[in-house]
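See structure below.
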Amino acid sequence: MKDPNNTRNTAPRRGSPLWIYFVVVILLGVTAGGAAFSGLSAADLDALVGTPVFWILGCFIIFGEMRPIITPGSTENNGATTSTTFSFAALLYAGLPIAAALQAVAVITCGIFRGRAPHRIAFNAAQYTLSLAAAQLVLALSGNLATPSSLWVPQGSDLPAIALAGAVYFVCNDTLVGSAVALHERVSLVKALRFDLGYQILVHLALLGLAPLMVVAMDRSALFVPLIVLPFIAVYMNASVSVRREHQALHDGLTGLPNRKLLIVRTEEALAEARGAKSRGAEHHGAPKRGAERHRPGRLGSRRRRPADPPDHRAGLFLLDLDRFKEVNDTLGHPTGDRLLQLVAHRLTHSVRPGDLVARLGGDEFAVLLPTVRDEAAAREVAARLRAALSEPVRLDGMSFDLEASVGIALFPDHAPDFELLLQRADVAMYNAKEARTGVETYSPGKDRNSPARLSMLGDLRRAIDRSELELFYQPKVSLRDGQLVGMEALLRWRHPDQGVLEPEAFLSVAEQTYLMRSITHHVVTAALAQTAAWWREDLAVQVAVNVSGRDLLDTGLAETIEEGLLARGLPAAALQLEITERILMNEPAYASETVGALAALGIPLSLDDFGTGYSSLVRLKRLPVEEIKIDASFIHRLADSTDDAVIVRSIVDLVRTLGLRSVAEGVEDPATAETLREMGCDAAQGWHFGRPMDAAAATAWLRRHSRKAPEPAA
């Protein structure tokens with residue numbers, strides 16, 4: 001069964017150890033084959049052409065090479081090729097030149113038919129020639145040397161020599177192939193040979209053991225040869241049925257990639273290998289054994305060497321999810337979506353390193369196993385390569401579109417000790433990558449909503465609401481034209497009893513995906529309205545802005561809470577402003593929710609925060625009751641140093657003015673930036689240059705000092 005993760009057709013880099021090994025083996029094979037053919041006489045060639053059994057053998061060797069017997073657990077790379085029986089029989093019966101020539105023809109024919117790379121075909125022909133030459137040497141030393149004109153039929157007393165020749169053939173063949181696999185997959189030779197050694201020994205024992213019987217049959221009559229093939233056909237048919245069933249159980253039917261079951265098996269094998277390598281490394285770098293050479297002071301050059309640190313042995317598991325794949329299915333249909341998934345599978349398998357495994361878990365979710373990985377940086381390099389491969393434009397059904405994917409990374413033993421936890425934490429990292437729109441994220445306990453630390457913080461946060469530990473700070477927004485106060489933004493802080501004052505970044509990510517977010521938002525709105533009412537009673541009429549999330553806009557009770565709070569305190573709707581982030585415009589449910597309509601009916605103005613960091617729809621923007629656009633601080637901080645950012649800010653200011661809205665720059669920290677923004681036509685600004693976030697008492701004092709500049713909010 002063809003393995004979609006097979007990368008052995010990829011040509012080795014010129015000058016690499018694998019490339020050098022291929023060149024050496026191929027040259028040795030050519031030399032051995034040339035030496036063998038140089039010993040052929042004219043009589044040998046005449047005998048070769050005139051003996052039908054050689055033509056029959058050639059056909060069977062080609063067929064055996066083309067259709068290996070693949071049993072459950074094996075692939076086309078390590079399946080049993082029945083050509084071994086026929087080529088070894090040709091070696092016993094007619095000598096090395098005939099066996100090597102027939103085997104080389106079979107390898108070349110099979111390679112061309114299967115689309116194998118030239119370097120792979122040449123290596124396979126060379127390693128077979130060298131293995132047969134080694135077996136021929138053993139037979140020659142025992143006095144048994146056959147030629148096409150002097151055929152050899154073994155007797156019972158010749159079986160020990162044949163067994164030794166078969167053993168040498170197997171050892172040579174397995175070592176040559178194992179070395180190539182070890183260099184290709186960057187593993188030790190011992191690991192490459194040990195992988196299926198028992199299976200290979202058993203298979204070669206059966207295949208090579210049939211060769212002497214076939215020689216005896218061939219010598220009696222060429223008609224006996226097809227009879228020996230019948231058992232091979234029966235074994236092949238039974239093995240094919242078993243492999244087909246196993247493949248269906250362990251592979252995805254659409255893409256041919258391994259499924260979750262096979263991924264579990266391969267991951268457990270990789271983790272076991274990593275644990276074993278780590279323990280071996282620890283033993284190797286442990287304390288010196290008794291009798292080891294000690295440092296002798298005074299000897300030149302006898303400085304004691306410090307033991308190196310034990311090498312790191314990690315395995316990595318990626319979880320990869322296609323972004324907006326549902327849109328492809330909904331727009332172009334499921335057949336096109338299926339073809340897209342097949343294309344993704346092809347790109348992934350051709351972008352990973354040799355030895356890595358790509359699996360499909362279902363839908364548009366894929367997993368990638370890195371059996372060995374140096375560190376997080378190396379894992380990120382692989383993830384970046386995968387995303388780059390997927391980002392190439394795709395053309396299906398006459399349409400061209402781009403693919404994007406989010407990748408979550410979890411490493412063993414850094415993040416988890418077993419497969420289930422690795423997969424769970426890779427899943428957490430993947431969703432963090434989706435939410436942050438970063439593309440690739442490594443698992444971080446601080447971002448895991450299920451981690452003990454986050455669950456503990458969740459409990460503390462729940463109690464903080466009851467104990468009134470959540471407090472609002474206020475930061476002014478000031479007009480750049482005349483310095484008058486435009487409004488105050490309410491900023492949430494948590495006076496943690498142990499950790500001090502915490503900003504929202506430290507705890508809101510914990511609450512955003514839980515029911516606590518609703519309680520926190522209602523608490524903030526209530527506290528902001530209470531403080532606004534207190535200021536209005538002192539004739540400090542100021543508009544207060546409160547930040548809300550997309551989840552808050554799906555809360556039908558938010559508009560009711562705001563309406564009741566305004567009525568209870570006698571405040572107009574314009575006294576409160578809600579700030580939403582630009583990304584909410586991309587979220588259809590939040591944008592089109594009943595809450596937005598209810599807020600618009602109340603006359604609650606909206607402020608669009610972090611503008612410039614997402615992808616706004618101007619149509620949606622015009623439909624929302626937005627009165628101001630806040631330009632993200634990341635552009636403002638680089639305003640003096642980056643020409644591109646200055647162009648972006650100026651463009652946003654002009655766009656906002658055209659829409660009839662107010663532009664507010666965030667993160668203004670010096671008078672030069674404020675002056676530049678004023679010259680650009682920006683309406684207002686917010687930042688440390690005008691005032692840092694203040695608690696309620698300090699904000700009240702600040703307002704009293706600036707009360708003459710405080711305007712009445714727009715009705």
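Two residues are said to be in side-chain contact when any heavy atoms from C-beta on lie closer than 4.5 Å; M488 and L485 meet this criterion. At a threshold of 4.5 Å between non-hydrogen side-chain atoms, the residues I604 and L578 count as touching. Between S406 and L320 the shortest side-chain heavy-atom distance does not fall below 4.5 Å. Proximity of V358 to L369: side-chain heavy atoms (C-beta onward) are nowhere separated by under 4.5 Å. In this structure, the side chains of V524 and L470 stay at 4.5 Å or more apart for every pair of heavy atoms. Inter-residue side-chain proximity for V544 and L529 is flagged as unmet; no heavy-atom pair is nearer than 4.5 Å. Residues E441 and M430 form no side-chain contact, since every pair of their non-hydrogen atoms from C-beta on lies 4.5 Å or further apart. Within the 4.5 Å cutoff, the side chain of L370 has heavy atoms near those of the V382 side chain.
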Could you go step by step and tell me if I580 and D609 meet the side-chain contact (heavy atoms from CB on, under 4.5 Å) rule? CA-CA 6 Å; I580 61 175; D609 199 8; over 6 Å; no
Before giving the answer on salt bridge (Lys or Arg N to Asp or Glu O under 4.0 Å), spell out for R495 and E469 the whole-Å C-alpha distance, their side-chain angles and the decisive distance to 0.1 Å. CA-CA 5 Å; R495 291 192 180 274; E469 294 174 0; over 6 Å; no
Quick one, R463 with D460, criterion salt bridge (Lys or Arg N to Asp or Glu O under 4.0 Å). Give me CA distance, side-chain angles, the key distance, then yes/no. CA-CA 5 Å; R463 289 184 288 272; D460 291 344; 2.6 Å; yes
Starting from the C-alpha separation in whole Å, work towards a yes-or-no answer on side-chain contact (heavy atoms from CB on, under 4.5 Å) for T336 and L340. CA-CA 6 Å; T336 302; L340 180 60; 5.6 Å; no
With salt bridge (Lys or Arg N to Asp or Glu O under 4.0 Å) as the test, would you mind laying out the steps for R360 and E365 before giving the verdict? CA-CA 6 Å; R360 182 184 178 216; E365 198 169 59; over 6 Å; no
Are L341 and D364 close enough, and set up right, to give a side-chain contact (heavy atoms from CB on, under 4.5 Å), and what steps lead you there? CA-CA 7 Å; L341 291 175; D364 61 340; 4.2 Å; yes
Output, in order, the C-alpha distance, side-chain angles, deciding distance and verdict of side-chain hydrogen bond (donor to acceptor under 3.5 Å, both in side chains) for E679 and T676. CA-CA 5 Å; E679 293 174 354; T676 301; 5.2 Å; no
side-chain hydrogen bond (donor to acceptor under 3.5 Å, both in side chains) for S642 and D644? Distances and angles first, verdict last. CA-CA 5 Å; S642 172; D644 293 339; 5.0 Å; no
Verdict with reasoning, V368 to V352, per side-chain contact (heavy atoms from CB on, under 4.5 Å): CA-CA 8 Å; V368 180; V352 295; 3.9 Å; yes
Give the intermediate values and the outcome of salt bridge (Lys or Arg N to Asp or Glu O under 4.0 Å) for residues E538 and R704. CA-CA 9 Å; E538 291 190 38; R704 287 168 180 165; 2.9 Å; yes
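Here CG of L571 is found 6.5 Å from OG1 of T532. Values are rounded to the nearest 0.5 Å. Here CD of E627 is found 12.0 Å from CG of L608. Values are rounded to the nearest 0.5 Å. Atom CZ in F635 sits 6.5 Å away from atom CG in D645 (nearest 0.5 Å). Note that CD1 of I629 is 5.5 Å distant from CG of L661, once rounded to the nearest 0.5 Å. Expressed to the nearest 0.5 Å, how far CD1 of I264 lies from CZ of F419 amounts to 4.5 Å. Rounded to the nearest 0.5 angstrom, N547 CG and L492 CG are separated by 9.5 Å.
When all heavy atoms are compared, the tightest approach of T442 to A429 is C-CB, 3.9 Å. When all heavy atoms of A490 and V546 are compared, the closest pair comes out as CB-CG2, 4.3 Å. Pairing each heavy atom of D632 with each of E666, the nearest pair is CA-OE1, 4.0 Å. The shortest heavy-atom contact between P693 and W688 is CD-NE1, 3.9 Å. Closest heavy-atom contact between Y474 and A527: OH-O, 4.1 Å. Annotation for Q686 and P476: closest pair CG-O, 3.6 Å, computed over non-hydrogen atoms.
Within the 3.5 Å criterion, the main-chain N or O of E503 finds no donor-acceptor partner in the side chain of W494. Within the 3.5 Å criterion, the main-chain N or O of T372 finds a donor-acceptor partner in the side chain of R353. Proximity of a side-chain donor or acceptor of R569 to a complementary backbone N or O of G565 within less than 3.5 Å is detected. Under the 3.5 Å distance criterion, the side-chain polar atoms of R425 are left unmatched by any main-chain donor or acceptor of Y443. A donor-acceptor pair under 3.5 Å links the side-chain atoms of S663 to the main chain of D683, judged by distance alone. H415 places a side-chain N or O within donor-acceptor distance of the main-chain N or O of L411, the cut-off being under 3.5 Å.
Using modelled atom types, one finds no donor on one side chain facing an acceptor on the other under 3.5 Å when comparing E489 with Q543. Side-chain contact annotation: D654 with S651, donor-acceptor N/O pair under 3.5 Å absent. Using modelled atom types and a 3.5 Å distance limit, the side chains of Q484 and S479 yield no donor-acceptor pair.
Of the charged side-chain nitrogens involved, at least one lies within less than 4.0 Å of a carboxylate oxygen, so that E579 and K630 count as a salt-bridged pair. Electrostatic pairing of R380 and E376 counts as a salt bridge here, judged by a charged N lying under 4.0 Å from a carboxylate O. Ion pair E420/R260 flagged as a salt bridge, since at least one NZ, NE, NH1 or NH2 atom sits closer than 4.0 Å to an Asp/Glu carboxylate oxygen. Using a 4.0 Å cut-off between a side-chain N of Lys or Arg and a carboxylate O of Asp or Glu, R314 and D414 qualify as a salt bridge.
A centroid separation of 6.0 Å or more is found between the aromatic rings of W702 and F690.
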